[in-house]
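Side chains are part of it too, since the values below use all heavy atoms of this structure and drop only hydrogens, waters and symmetry mates.
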Amino acid sequence: MEFILNPFSITLLISGLLVGGLSLYITFRVEDSTRWIALTMLCAAIWGFFYGLELSVSTKEAMMLFIKLEYLGIAFIGAFWVIFSLKYTSYKSKNYRLLIVLVLSIPVLTYLLVVTNDYHHFYYSSFTSTNSDPFPTAKIEIGPWYYVNLIYTYAAFALGILIIWKSFRFSDQLFKTQTRLMLLAVLFPLLFNLCYQSGIFRPFDVIDLTPFSFLLSYLILGFAIIKYQLFNLKPIARNKVMEAITRGVLVLDSETNIVDFNPAFLPFSTSPESVKIASNAEKIFQNRTDILDLIASGKANSIESNFTIGDIEKVFQIETIPLVDRKSIRNGLVLLFEDITEQKSINETLRKQAIELQQLNNLKDKYFSIISHDLKGPIFGIKELIHLTNTGIITLEEFMDMLPEVSRNMEQVAILLENLLAWSRTQLRDGEIVQLKEFDTRKILIQQKSILERIANEKKIEIVIDAQAKSAALGDKTMIELVIRNLLSNAIKFSYPGGKIRITSQDENDLVKICIEDYGKGISTENLAKIYDGISFTTTGQSNESGTGLGLVLVKEYIHKNNGHIEVHSEEGKSTTFCIMLPQAKAV
């Protein structure tokens, strides 16, 4: 086989070898969509290289041999381009494998028909060589399947171009430039081949310039790779990253039109069906002025915004990241959406727990102070009084005069001890066991009145009981006794001498309501809020009686443990009414 080289063949042979070697290197070194564009380039290199050899021989048999080898590239170049476009745009379908088989079926059949053409002439109806040109060339009469392959190839390239352009026409400017250069590189061979097929431009009437046009395509792709890092920053990588991000991502251009978004953004939208490429942000967030103001600012910022999705209240954190070019000109904005509802709830719970722990710690410190002062003082005072009496420094008559005051102090100490013991039980890790039983509230009121009536008589305070409740209450009787005792003791403490305390009980719906009303100095608005919040505080009584602030804390906690609730009404300088509501025994 004799080879006669000419400028056409030399150009195609050199470019075919260079591009073919590079394409093979890329094919075996990389994966995904880059491998398929390399295979497309390899098909073009095979076409050009063997076309160069075809133009270098003079016999019909040698020309036909190289034409058959050319069709390894010609037949499959369109199919590989379609597969590349599907891979490049992350096309997903359950019938993806079937689609690939259908795409490759025509090229396989085409190549088989070319190889076996001598038996049926279905692809080339006739084939001869001619020496009318500066060098021997093939003269071919085309058959019916030639048109099938031609239409298929044009359709394949058109489909691939459509898939890529449709996917990235609204993407970032870098991806737009990459896409345009890549499609330009593909369009040049198609235009040259169209000129050849239509006869508009054919050197020497038989030379096909399509393989030569791939040289221009290689230059465009090379420029795109060097200048814009084509296939290194390919959109498929961007798609995978966007899909992997758990935060919602929304990309807007300088006109606040949607350029891109990831699947995680859709749950953050009240109308996911309206989220489309090229839609304006005002349409998506038309009722959210806080988000629109954030977008309008165009600055890096973050806000928290409340959303109602279905019947669920959500809290989102929205962060903006400006997109600027090298000249610091704003090109767009990235919005990051994150659901912080659970985080906010946890933070709020931790904040409340921190406040409660601080309150408990303060209460603990206070009660240690009480134990060291309020208990130690009276007990040591009695000890010293007894010592002074025994030594004769104080006479028996003087001791008897002091005894009523000592008795009052010891009664306060007894109440304090009882409250401290009760409070210590509530602080145990296993908590205090509540024994719910039926009891008569009238008997408890009479009993607690008799216990504290002597202290009331010393201040000439009248205690009146008006118990009209006919239903028994359900609760822990010991706890309720402590509650009544503390409330009645406070009423005596803050009542004016010669005053009155009114205790009432009545049935109210399914509850037993017990109220203790005094006409004393009242409670300030600030201290009323502390009572409802369970915060300890102390104030001196009407006759400068001391207090610990522990009683009302226990009252609130015990009523809560007994499935009841407490109400306080007070007017400074006039009166205070404490009402506790307990479940009726028959209502449970």
Side-chain angles (χ1 to χ4, degrees), residues 370 374-375 378-379 382 403-426 432 434-435 437-469 472-473 475-505 512-520 538-559 561-562 564 566 576-580 582:
I370 291 169
D374 289 23
L375 286 179
I379 292 173
I382 294 172
L403 198 57
E405 181 66 24
V406 171
S407 177
R408 281 194 297 273
N409 288 339
M410 293 309 297
E411 285 171 350
Q412 292 295 329
V413 169
I415 293 175
L416 172 59
L417 276 174
E418 187 177 28
N419 284 341
L420 282 172
L421 289 172
W423 176 78
S424 64
R425 286 195 298 270
T426 66
E432 192 172 18
V434 180
Q435 297 180 341
K437 293 182 179 178
E438 181 179 339
F439 62 88
D440 186 349
T441 56
R442 178 183 176 85
K443 290 182 179 179
I444 287 181
L445 296 178
I446 294 172
Q447 178 192 36
Q448 297 307 310
K449 174 188 174 183
S450 65
I451 292 174
L452 297 171
E453 195 165 26
R454 187 177 59 80
I455 300 175
N457 290 337
E458 289 180 359
K459 292 182 69 173
K460 295 181 173 54
I461 296 172
E462 181 186 4
I463 301 175
V464 178
I465 297 178
D466 181 14
Q468 297 183 14
D476 188 302
K477 184 170 176 287
T478 303
M479 287 185 176
I480 302 305
E481 286 174 349
L482 183 65
V483 168
I484 299 297
R485 191 154 57 250
N486 270 287
L487 292 178
L488 185 55
S489 174
N490 276 350
I492 296 170
K493 175 181 173 182
F494 293 105
S495 290
Y496 297 111
K500 179 188 289 188
I501 295 173
R502 186 167 176 265
I503 305 174
T504 62
S505 69
V512 176
K513 182 177 181 180
I514 301 172
C515 293
I516 299 176
E517 182 180 12
D518 68 68
Y519 302 92
T538 60
T539 54
T540 57
Q542 186 60 39
S543 301
N544 293 320
E545 300 97 328
S546 62
T548 65
L550 181 59
L552 290 180
V553 173
L554 283 171
V555 166
K556 185 176 185 298
E557 185 170 346
Y558 275 9
I559 292 299
K561 285 185 175 182
N562 282 266
I566 187 169
T576 299
T577 304
F578 279 86
C579 294
I580 60 173
L582 298 170

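- At a threshold of 4.5 Å between non-hydrogen side-chain atoms, the residues I514 and T504 do not count as touching.
- Listed here is the closest heavy atom pair of I492 and A456: CD1-CB, 3.9 Å.
- Residues satisfying the side-chain hydrogen bond (donor to acceptor under 3.5 Å, both in side chains) criterion with S505, sequence neighbours excluded, are absent altogether.
- A donor-acceptor pair is defined here as one N or O able to donate and one able to accept, closer than 3.5 Å; no such pair exists between the side chain of N562 and the backbone of G564.
- The closest side-chain heavy-atom distance from V555 to I566 is below 4.5 Å.
- Between V434 and Y558, every side-chain heavy-atom pair lies at or beyond the 4.5 Å cut-off.
- Annotation: side-chain hydrogen bond (donor to acceptor under 3.5 Å, both in side chains) contacts of D466 (sequence neighbours excluded): Q468.
- Taking the side chain as every heavy atom from C-beta outward, L582 and I559 approach each other to under 4.5 Å.
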Check against side-chain contact (heavy atoms from CB on, under 4.5 Å), L487 and I580: CA-CA 10 Å; L487 292 178; I580 60 173; 4.1 Å; yes
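- Contact of the K460 side chain with the P497 side chain is not registered, since no non-hydrogen atoms from C-beta on lie closer than 4.5 Å.
- Of the inter-residue distances, the one linking T577 atom OG1 with D518 atom CG reads 7.5 Å to the nearest 0.5 angstrom.
- For the residue pair Y496 and Y519, the shortest heavy atom distance occurs at CD1-O, 3.3 Å.
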Test V464 against K500 for side-chain contact (heavy atoms from CB on, under 4.5 Å), laying out the working first. CA-CA 7 Å; V464 178; K500 179 188 289 188; 4.2 Å; yes
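- Partners of K477 according to the side-chain contact (heavy atoms from CB on, under 4.5 Å) rule, which considers only residues two or more places apart in sequence or in another chain, are F439, I444, E481.
- Side-chain contact check for E462 versus I501: every heavy-atom pair is 4.5 Å or farther apart.
- K459 places a side-chain N or O within donor-acceptor distance of the main-chain N or O of S495, the cut-off being under 3.5 Å.
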Report, one line per pair, each donor and acceptor closer than 3.5 Å where one atom sits in a side chain of residues 445-453; sequence neighbours left out.
| from | atom 1 | to | atom 2 | distance (Å) |
| --- | --- | --- | --- | --- |
| Q448 | OE1 | R485 | NH1 | 2.8 |
| K449 | NZ | I463 | O | 3.1 |
| S450 | OG | Q447 | O | 2.5 |

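- Here the straight-line distance linking atom CD1 of I484 with atom OG of S489 works out to 12.5 Å at 0.5 Å rounding.
- Summarising the geometry of V512 relative to A472, their closest heavy-atom pair is CG2-O, 4.1 Å, with the distance given to 0.1 Å.
- A donor-acceptor pair is defined here as one N or O able to donate and one able to accept, closer than 3.5 Å; such a pair exists between the side chain of D476 and the backbone of Q435.
- Note: F578 CZ to L488 CG = 12.0 Å, rounded to the nearest 0.5 Å.
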